[in-house]
Amino acid sequence: MKAHEGMYIGGRWRPARGQDTIAVVNPADEQVIGHVPAGTAEDVDAAVHAARAAFPGWAATPPAGRAARIAALRDVLAARKDEIAETVTAELGSPPPLSQAVHAGVPVLVAGSYAELAASYSFEEELGNSTVLLEPVGVVGAITPWNYPLHQIVAKVAPALAAGCTVVLKPAEDTPLTAQLFAEAVEEAGLPDGVFNLVTGLGPVAGQALAEHEGVDLVSFTGSTAVGRQIGATAGAAVKRVALELGGKSANVILPGADLAKAVNVGVANVMSNSGQTCSAWTRMLVDAERYEEAVALAAAAVAKYVPGERVGPLVNAKQQARVRGYIEKGVAEGARLVAGGPEAPRERGYYVSPTVLADVTPEMTVAQEEIFGPVLCVLRYEDTEDALRIANGTVYGLAGAVWAADDAEAVAFARRMDTGQVDINGGRFNPLAPFGGYKQSGVGRELGPHGLAEYLQTKSLQF
Ligand code: NAD
């Protein structure tokens, strides 16, 4: 695994200003696989200047020209899929099939969708006696987490580029090698110098310097609610645009007429995928009292197929492993019934956590309220549909969810009453164009598709 010693700024790899580095660890075997520079405020400043200098030229590039560059970027990502998948497996620990299909595959889809949108989007509209121009916001500061290292980069950078913005990216400390590969892809795709810049580093140092930099017009952040709140406050004080994609505690609502086995199996797969490190995971399964025990048994049987080290990878680092094991212990201490897994580490080496099912979880328990971010499913019992709705909506989050019913109309009627940004109806499929983002404390703004593009535009109206 090759690690760059510098930052990608202004179209070339430049030495970092400081001496400090960050060790990158493979969470499956705890071995150090490389080092990247820990950026300082000076590196961030150089990157923001490069992005500012590139902005007028990129903003003035006709949409078809921007589309062509994004299409070239998509092609490079597609051509380097194996290398991307291997890198994600090495620094995140995800099993190779997941790395191939999701971590390397989805960014190709998303970049492709923005190549098409850049070419077809209406950057001008007529409104009565006005012409409304949709113009790029300016320089974007993108701060991304480690759980979908390339997807989260592409979900910010591709729409920003399509809009005509330039970007400085500060990726997560745990997964900087994937970000360096992305910078290589940008270079190979022939994007003009300074349109995309990368500064690796620590959140409270490089991340904070980027969020606070006066040359940044919009901060797009994905990560924890605590940091999101801080970034929102910083952006608010500077009257800067901000997009926040934060946590979730989504509900998988299984209504009485639903196909129970299918709903439970798909629900378990959703939670166990990526070792449970998915902000939109349906970590609370809601089942009616009559079929509750049957659902719990089905969930326990389904989870048994997720063998650590085979179908399910480790968590990203020791801190996350300890945090998730702590949540399992807390769930049991507060009265939940352990029906699969448990707090003990399933393997001697690597940051693994046993895929776990907690039954008899009640809505006020910590495990039903807080984001666990690990392979832990909570099964809750509801009395009737109103009770199910109350439980589904009864957290500070509102990112995603699922509803299963006898037919789509019944599921849709329920989904309309959910306080959440995305709902899968009877096992609906992933759509890379569907707006993704949260209600309530799950965030501000939307990513993906035309709604994701609109985040990076500001309007100017001309009256005639
Ligand atoms: P985090 O919020 O600390 O990190 C996310 C990104 O923000 C990283 O790039 C980090 O370097 C940066 N960052 C950290 N502090 C910063 C600051 N003061 N200013 C600017 N940038 C800063 O998340 P974490 O500690 O890696 O994970 C903790 C928890 O967050 C997880 O357990 C999970 O609940 C949640 N999380 C959510 C998502 C999501 O997709 N919504 C992703 C990762 C983590």
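All of these numbers come straight from a predicted model, not from anything done at the bench.
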- Taking atom NZ of Lys170 and atom OG1 of Thr200, what is their separation to the nearest 0.5 Å? 8.5 Å

- ring-ring contact (aromatic ring centres under 6.0 Å, His included) against Phe196, all qualifying residues, sequence neighbours excluded: Phe182

- Quick one: do Glu86 and Arg80 make a salt bridge, cutoff under 4.0 Å? no

- So, for Val379 and Val296, which heavy atoms are closest and what is the spacing to 0.1 Å? CG1-CG2, 4.0 Å

- With sequence neighbours left out, what residues match Ser275 under side chain to side chain contact (heavy atoms under 4.5 Å, CB included)? Gln277, Val312, Leu315

- Message: Can you tell me if Lys81 has over 12 outside heavy atoms packed within less than 6.0 Å of its NZ?
- Response: yes

- Spatial distance of atom OG1 (Thr356) from atom CG (Leu377) [nearest 0.5 Å]: 10.0 Å

- With Arg325, which residues qualify under side chain to side chain contact (heavy atoms under 4.5 Å, CB included), at least two apart? Gln321, Ala345, Val353

- Query: Of all heavy-atom pairs between Val253 and Ala388, which one has the smallest distance, and what is that distance?
  - Reply: CG1-CB, 4.4 Å

- Checking side-chain hydrogen bond (donor to acceptor under 3.5 Å, both in side chains) for the pair Thr87/Thr178: CA distance, chi angles, key distance, verdict? CA-CA 6 Å; Thr87 305; Thr178 306; 5.6 Å; no

- Item | Check: Asn197 side chain, Val167 main-chain N or O, donor-acceptor pair, under 3.5 Å | yes

- Under 4.5 Å between any side-chain heavy atoms of Asp259 and Trp404, yes or no? no

- Message: Can you confirm whether the side chains of Gln152 and Asn147 place a donor and an acceptor under 3.5 Å from each other?
- Response: yes

- Message: When you compare the side chains of Thr222 and Thr144, does any donor N or O come within less than 3.5 Å of an acceptor on the partner?
- Response: no

- Minimum heavy-atom distance Leu286-Ala251, with the two atoms named: CD1-CB, 4.3 Å

- Answer yes or no: is there a side-chain heavy-atom contact under 4.5 Å between Thr366 and Gln369? no

- Sort and list the pairs that fulfil ring-ring contact (aromatic ring centres under 6.0 Å, His included) and have at least one residue in residues 342-389, not counting sequence neighbours. Trp146-Phe373

- Task: Please name the residue in the list Arg241, Lys156, Glu455, Glu245 that meets the side-chain contact (heavy atoms from CB on, under 4.5 Å) test with Ser220.
- Result: Lys156

- Query: Is a side-chain donor-acceptor pair under 3.5 Å present for Gln100 with Asp82?
  - Reply: yes

- Query: Does His103 have any ring-ring contact (aromatic ring centres under 6.0 Å, His included) partners at least two apart in sequence or in another chain, and if so, which?
  - Reply: Tyr148

- Query: Is there a donor-acceptor contact under 3.5 Å from the side chain of Tyr121 to the main chain of Pro63?
  - Reply: no

- Rounded distance [0.5 Å steps], CG in Leu358 versus CG in Leu338: 6.0 Å

- Message: Measuring from atom CG of Leu98 to atom OG1 of Thr89, what distance do you get when rounded to the nearest 0.5 angstrom?
- Response: 8.0 Å

- Is a side-chain N or O of Thr166 found less than 3.5 angstrom from the main chain of Val195, in a donor-acceptor match? no

- Task: Report yes if the side chains of Glu184 and Lys2 come closer than 4.5 Å at any heavy-atom pair, otherwise no.
- Result: yes

- Message: Is it the case that the side chain of Asn431 and the backbone of Leu433 share a donor-acceptor pair, with hydrogens and angles ignored and the cut-off at 3.5 Å?
- Response: yes

- Message: If I compare all heavy atoms of Val199 with all of Ala206, which pair ends up nearest, and what's the gap?
- Response: CG1-CB, 4.4 Å

- Item | Interatomic distance, Leu150 atom CG to Leu92 atom CG [nearest 0.5 angstrom] | 12.0 Å

- Pairwise side-chain hydrogen bond (donor to acceptor under 3.5 Å, both in side chains) hits with a residue in residues 282-297, at least two apart: Glu293-Arg337

- Distance-only, no hydrogens or angles: does the Lys249 side chain make a donor-acceptor pair with backbone N or O of Ala281 under 3.5 Å? no

- Query: Does the side chain of Glu371 pick up a donor-acceptor pair with the side chain of Tyr397 at under 3.5 Å?
  - Reply: no

- Message: Donor-acceptor check, side chain of Asn265 to backbone of Ala261, threshold 3.5 angstrom: yes or no?
- Response: yes

- Message: Using modelled atom types and a 3.5 Å cut-off, is there a donor and acceptor pairing between side-chain atoms of Lys440 and backbone atoms of Thr395?
- Response: yes

- Message: Quick check against the 3.5 Å criterion: does Glu30 have a side-chain atom that pairs as donor or acceptor with the backbone of Gly350?
- Response: yes

- Going through the distances and angles, do Met272 and Arg311 end up as a side chain to side chain contact (heavy atoms under 4.5 Å, CB included)? CA-CA 9 Å; Met272 297 303 149; Arg311 204 156 155 194; over 6 Å; no

- Message: For Arg417 and Glu386: C-alpha separation, side-chain torsions, deciding distance, then whether salt bridge (charged side-chain N to carboxylate O under 4.0 Å, His left out) applies.
- Response: CA-CA 10 Å; Arg417 300 171 72 197; Glu386 291 308 308; 2.9 Å; yes

- Message: Measuring only between side-chain heavy atoms, which start at C-beta, is Phe221 closer than 4.5 Å to Gln230?
- Response: no

- Within the distance-only criterion (no hydrogens, no angle test), does the side chain of Asn393 pair as donor or acceptor with the backbone N or O of Asp419 below 3.5 angstrom? yes

- Item | Residue pair Met418 / Val403, side-chain heavy-atom distance below 4.5 Å | yes

- Between Asp360 and Arg381, is the closest basic N to carboxylate O distance under 4.0 Å? yes

- Query: Taking side chain as C-beta onward, heavy atoms only, is Pro363 less than 4.5 Å from Leu380?
  - Reply: yes

- Query: Closest heavy-atom contact between Leu260 and Val287?
  - Reply: CD1-CG1, 4.3 Å

- Sub-4.5 Å side-chain heavy-atom contact between Ile22 and His35: no

- Query: Does the pair Glu370/Lys330 count as a salt bridge with the N-to-O cut at 4.0 Å?
  - Reply: no

- Message: Please determine whether side chain to side chain contact (heavy atoms under 4.5 Å, CB included) holds for the pair Val36 and Gln180, giving the CA-CA distance in whole Å, both sets of side-chain angles, and the decisive distance to 0.1 Å.
- Response: CA-CA 9 Å; Val36 298; Gln180 290 190 337; 3.6 Å; yes

- Task: Evaluate side chain to side chain contact (heavy atoms under 4.5 Å, CB included) for Leu246 paired with Cys279, printing each intermediate quantity in order.
- Result: CA-CA 7 Å; Leu246 309 175; Cys279 48; over 6 Å; no

- At their closest point, which heavy atom of Gly342 faces which heavy atom of Ile328, and how far apart are they? O-CD1, 3.8 Å

- Message: Quick one, Val25 with Gln31, criterion side chain to side chain contact (heavy atoms under 4.5 Å, CB included). Give me CA distance, side-chain angles, the key distance, then yes/no.
- Response: CA-CA 6 Å; Val25 174; Gln31 298 297 304; over 6 Å; no

- Query: So do the side chains of Pro308 and Pro355 get within less than 4.5 Å of each other, counting heavy atoms only?
  - Reply: yes

- To the nearest 0.5 Å, atom CD of Glu410 lies from atom CG of Asn426 at 9.0 Å

- Give a yes or no answer on whether the side chain of Arg446 reaches the backbone of Gly438 with a donor-acceptor pair at less than 3.5 Å. yes

